[in-house]
Amino acid sequence: MTRLRSTFLGFALLLALAVSASADEGMWLYTAPPRAQIKSKYGFDLTDPWLDHLMKSSVRFNSGGSGSFVSGDGLVITNFHVGRSDLLKRSNAEHNYVRDGFYAKTPAEEMKCLDLELNVLQSIEDVTARVNAAVPADATGTDAALARRKVFADIEKESLDQTGLRSDVVTLYQGGVYHLYRYKRYTDIRIVFAPEEQAADFGGDPDNFEFPRFDLDICIFRVYENGQPVHPAHFLKWSPTGAKDGDLTFVSGHPGTTRRLLTIPEIEYMRDSQLPYYLQVIKRREVLYSVWSGRADENARRADSELLNVQNNRKRSDGQLTALQDPVFFGAKVAVEQAFKQQLTANPDGKDALAAFDRIAAAQKIITSLEPRFRLLEDGAGFNSASFSLARRLLRAGDERPKPNGERLPEFSDAKRESFEQQLFSDAPIYSDFEILKLADSFGYLVEQFGADDPLVQSVLAGKSPHDRAAELINTTQVRDLAFRKKLYDGGADAVATAHDPMVELARLIDPEARALRKTIEAQQEIIQEAHAVIEKARFALQGANNYPDATFTLRLAYGPVKSYVENGQTVPALTTFAGLFARDDAHHNREPFGLPPRWLAKKSALDLTAPLNFVNTADIIGGNSGSPVVNEAGEFVGIIFDGNIQSLSGDYGYSDVQARSVSVHSAGILEAIRKIYDAPALADELVTGHR
């Protein structure tokens with residue numbers, strides 16, 4: 001807490017003094033990179049060819065995360081924790097690839113992922129004028145939301161038909177700008193290499209969001225197309241020596257969500273409602289999954305990915321909530337908004353923007369009042385199971401697909417069909433015992449939140465206890481059968497209705513209220529978006545347009561040097577080494593989560609213990625950047641993002657480079673481990689030469 005507090009104070013001072021522009025701040029659009037700032041501060045020119053090469057070498061993992069091409073024969077590198085679910089889906093009781101790692105010595109041994117999609121950005125087009133023209137000037141709420149949904153669907157479908165590329169309209173600056181992103185889509189992805197979990201996640205939950213760190217958090221895939229490895233025109237040259245202290249570095253990745261442009265009522269909602277609710281749910285699940293995992297090794301394997309996810313989200317969300325509950329940090333946010341409002345008050349054209357703040361506050365009150373039931377019914381907190389998710393998608397697909405493209409829920413649009421179907425028809429394993437555990441607990445949570453006498457709760461439980469009802473549903477539904485899903489999907493609403501599947505019928509039971517809640521909240525979100533567009537227009541007019549939008553899980557550029565920092569009066573060096581790893585292992589007597597795998601201990605004498613393993617830089621990152629390549633001025637791969645330190649957890653709401661750091665695996669350390677610990681010289685050679 002002391003460390004977080006000092007970070008918030010530093011951030012508050014930066015805001016109050018309005019000097020944050022001098023920091024290495026920003027998740028910048030590739031269409032509007034910070035050329036002047038970087039040139040002025042570091043003397044480096046961001047050229048169009050340099051940016052285009054980095055953009056087309058960068059990869060988005062549709063499962064959540066980033067990566068990059070690192071060879072001309074289709075190798076893609078990301079984090080172990082990004083690839084973890086794909087390793088888990090290919091594991092079983094006999095072969096646990098998360099625990100034991102994996103290496104394909106030959107192309108024939110490369111293991112195909114079951115449902116992974118990778119996206120590579122090809123182009124960006126500004127479609128703001130077309131989107132705004134499609135929404136009538138007097139439309140608001142539901143009417144405006146429907147008009148915007150239709151034009152989004154039309155633009156995406158036209159682009160898909162014309163180019164064959166995945167096409168997504170992206171909302172930027174909270175509705176001030178709309179861009180069309182076109183991606184090359186890959187779905188034949190094969191696993192090449194992953195270390196053991198003990199090496200990839202050394203230190204486990206205690207070390208998560210901490211530094212110094214000593215993790216080999218990498219996972220390497222190969223991308224195929226038409227049965228052959230792809231040969232990308234753009235891939236990153238590997239730097240065997242990597243980054244050193246003081247080097248200017250760049251991060252190209254897909255940050256998920258930030259909330260730096262939200263108004264104070266919206267941030268108050270995050271502080272007082274959304275984050276406390278979310279923490280309540282994930283802490284409950286963390287206990288549930290941990291206890292169940294402790295009962296058997298197979299339980300632990302089945303719950304592995306979801307347990308890690310809730311532990312990671314719990315620690316991150318705790319840090320975010322702590323930031324918002326700090327009066328100095330929150331007061332700085334309030335001061336910035338008040339200063340901007342004063343600028344608007346003094347400007348003859350500021351009246352509309354000031355009124356927009358009031359509309360946001362009113363809409364946010366309505367959203368807050370509806371959120372408790374929305375979270376449980378539409379968001380699914382009361383129905384936590386993969387089986388229910390599949391059932392709902394089948395039910396809604398039957399209802400939505402006959403509608404005109406622009407009138408469907410966005411996830412059922414023509415442009416998103418291929419990705420939707422890939423997930424719906426995945427044959428990844430779903431374990432009934434884990435499903436019963438999760439669904440029973442979420443039914444219990446539903447009863448706690450709504451009350452046992454709530455008519456909907458009584459209908460959901462059908463006179464049974466949460467556990468008995470969950471067991472009945474999981475044991476009798478057919479939605480986990482791939483052939484059954486295809487039959488219902490192809491047959492449409494009639495096939496879904498006549499199947500009388502109990503889980504589908506449960507989804508049907510709650511669907512009217514869930515849809516109504518979603519419709520109302522989306523209407524209020526549309527009002528907020530329209531108001532933000534007015535505010536951002538005024539901000540551009542008063543402060544200039546040389547700024548970056550909040551993160552949207554689209555490709556962004558960040559930058560900053562490899563740099564140490566001071567914590568509790570002590571300098572934290574920017575790089576760690578293999579020697580530090582073995583010292584930390586010894587200090588904990590090789591006990592989990594700090595215990596190294598046996599092969600690491602056996603190969604210690606072969607290693608260069610002075611080789612760098614992890615490092616930090618000042619690049620502005622957030623969740624979704626996991627797996628992002630770190631490159632030097634020459635555009636060479638020098639590392640891979642896998643975390644931020646604990647001082648970076650306020651980054652959802654603001655940035656300071658006083659202590660906040662992104663954490664990466666060093667390119668030299670990766671080679672050292674692959675060659676000397678995993679005896680994989682062919683893989684190391686391909687990384688260095690760019691070809692196998």
Side-chain angles (χ1 to χ4, degrees), residues 61-64 83-99 111-117 187 189 191 282 285-286 288-293 295-310 379-397 411 419-443 445 460 466-490 496 499-508 510:
F61 278 67
N62 217 31
S63 54
R84 187 189 200 103
S85 62
D86 299 290
L87 292 164
L88 185 64
K89 289 170 185 176
R90 292 306 310 262
S91 298
N92 53 42
E94 291 74 37
H95 300 286
N96 189 332
Y97 300 117
V98 171
R99 181 191 63 202
M111 190 164 52
K112 188 171 183 178
C113 298
L114 296 181
D115 52 16
L116 179 60
E117 175 183 326
T187 57
I189 317 299
I191 305 168
I282 60 179
R285 291 179 183 176
E286 182 178 8
L288 181 73
Y289 300 165
S290 296
V291 172
W292 192 73
S293 296
R295 296 183 60 193
D297 287 347
E298 180 61 9
N299 286 7
R301 184 187 69 80
R302 295 180 179 189
D304 177 271
S305 188
E306 293 197 42
L307 176 57
L308 180 74
N309 185 54
V310 297
D379 233 18
F383 304 85
N384 177 32
S385 75
S387 301
F388 178 81
S389 178
L390 289 169
R392 170 177 272 177
R393 278 182 273 176
L394 289 167
L395 173 71
R396 289 187 171 177
E411 59 266 33
S419 296
F420 176 85
E421 291 177 354
Q422 183 184 11
Q423 293 300 311
L424 181 64
F425 300 138
S426 166
D427 56 358
I430 303 173
Y431 302 104
S432 59
D433 53 353
F434 191 38
E435 287 283 279
I436 292 171
L437 178 85
K438 294 190 296 180
L439 187 59
D441 182 71
S442 60
F443 280 169
Y445 185 64
V460 167
H467 179 272
D468 289 347
R469 178 60 168 153
E472 176 186 63
L473 287 163
I474 295 299
N475 289 331
T476 56
T477 185
Q478 298 182 68
V479 297
R480 294 191 301 281
D481 180 78
L482 181 58
F484 180 77
R485 295 201 298 273
K486 288 183 176 178
K487 177 183 176 182
L488 264 59
Y489 186 75
D490 292 341
V496 173
H500 301 296
D501 182 89
M503 192 68 80
V504 175
E505 294 310 307
L506 175 65
R508 191 189 306 279
I510 71 166

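Everything numeric in this text was worked out from a predicted model, so none of it was measured. One is the number of the first residue; the rest follow in order along the sequence. The basis for the numbers below is simple: all heavy atoms, side chains too, and nothing from hydrogens, waters or symmetry mates.
Under the rule for a salt bridge (Lys or Arg N to Asp or Glu O under 4.0 Å), the partners of Glu472 that lie at least two apart in sequence or sit in another chain are Lys464, Arg469. Taking the side chain to side chain donor-acceptor pair (under 3.5 Å) definition, one finds that Asn384 meets it with Tyr289, sequence neighbours left out. When the side chain to side chain donor-acceptor pair (under 3.5 Å) test is applied to Ser387, the partners found at least two apart in sequence or on another chain are Glu435, Arg480. Applying the side chain to side chain contact (heavy atoms under 4.5 Å, CB included) criterion to Asp441, with sequence neighbours excluded, gives Arg284, Leu288. Taking the salt bridge (Lys or Arg N to Asp or Glu O under 4.0 Å) definition, one finds that Arg508 meets it with Glu505, sequence neighbours left out. Residues satisfying the salt bridge (Lys or Arg N to Asp or Glu O under 4.0 Å) test with Arg302, not counting sequence neighbours, are Glu298, Asp433. A search for ring pair (Phe, Tyr, Trp, His ring centres under 6.0 Å) contacts involving Phe420 returns Phe412, not counting sequence neighbours. Scanning for side chain to side chain contact (heavy atoms under 4.5 Å, CB included) contacts around Lys112 gives Arg90, Asp188, Arg190, with sequence neighbours left out. Residues meeting the side chain to side chain contact (heavy atoms under 4.5 Å, CB included) test with Ala428, sequence neighbours left out: Lys89, Leu114, Asp115, Ser426. By the ring pair (Phe, Tyr, Trp, His ring centres under 6.0 Å) test, Tyr489 pairs with Phe425, sequence neighbours left out. Qualifying side chain to side chain contact (heavy atoms under 4.5 Å, CB included) partners for Glu286, counting only residues two or more places apart in sequence or in other chains: Ser290, Leu307, Val310, Gln311, Arg314. In this structure Phe383 satisfies the ring pair (Phe, Tyr, Trp, His ring centres under 6.0 Å) test together with Phe388, Phe443, sequence neighbours excluded.
Residues Lys438 and Arg285 form no side-chain contact, since every pair of their non-hydrogen atoms from C-beta on lies 4.5 Å or further apart. Between Gln423 and Arg393, some side-chain heavy-atom pair lies under the 4.5 Å cut-off.
A donor-acceptor pair shorter than 3.5 Å cannot be found between the side chains of Asn299 and Ser293.
To the nearest 0.5 Å, the span separating CG on Asn309 from CG on Asp304 amounts to 11.0 Å. Annotation: the span from Leu424 atom CG to Ser389 atom OG amounts to 9.0 Å, rounded to 0.5 Å. Rounding to the nearest 0.5 Å gives a distance of 8.0 Å between NE2 of His467 and CG of Leu437. In this structure, Ile189 CD1 and Ser63 OG are separated by 10.5 Å, a value rounded to the nearest 0.5 Å. Of the inter-residue distances, the one linking Asp86 atom CG with Cys113 atom SG reads 4.5 Å to the nearest 0.5 angstrom.
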task = Go through Tyr431 and Arg301 one step at a time and tell me if the side chain to side chain donor-acceptor pair (under 3.5 Å) criterion holds.
result = CA-CA 11 Å; Tyr431 302 104; Arg301 184 187 69 80; 3.0 Å; yes

query = Passes side chain to side chain contact (heavy atoms under 4.5 Å, CB included), Leu390 versus Val504? Steps please.
reply = CA-CA 8 Å; Leu390 289 169; Val504 175; over 6 Å; no

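At least one donor-acceptor pair under 3.5 Å links the side chain of Asp501 to the backbone N or O of Met503. Counting only distance, with no hydrogens or angles, the side chain of Thr477 and the backbone of Ile474 share no donor-acceptor pair below 3.5 Å. The main-chain N or O of Glu117 is never found under 3.5 Å from a side-chain atom of Thr187 such that the two would form a donor-acceptor pair. Arg485 places a side-chain N or O within 3.5 Å of a backbone atom of Val479 that can act as its donor or acceptor partner.
Taking both residues in full, the closest heavy atoms of Gly382 and Ser442 are given as O-OG, 3.4 Å, listed atom of the first, atom of the second, then distance. The minimum heavy-atom distance between Pro502 and Leu473, with the atom names listed, is O-CD2, 3.7 Å.
Dense packing is recorded around CG of Asn92, with more than 12 heavy atoms of other residues, nucleotides or ligands lying under 6.0 Å away.
Geometrically, Lys486 does not engage Phe484 in a cation-pi contact, judged by NZ or CZ lying under 6.0 Å from the ring centre and within 45° of the ring axis.
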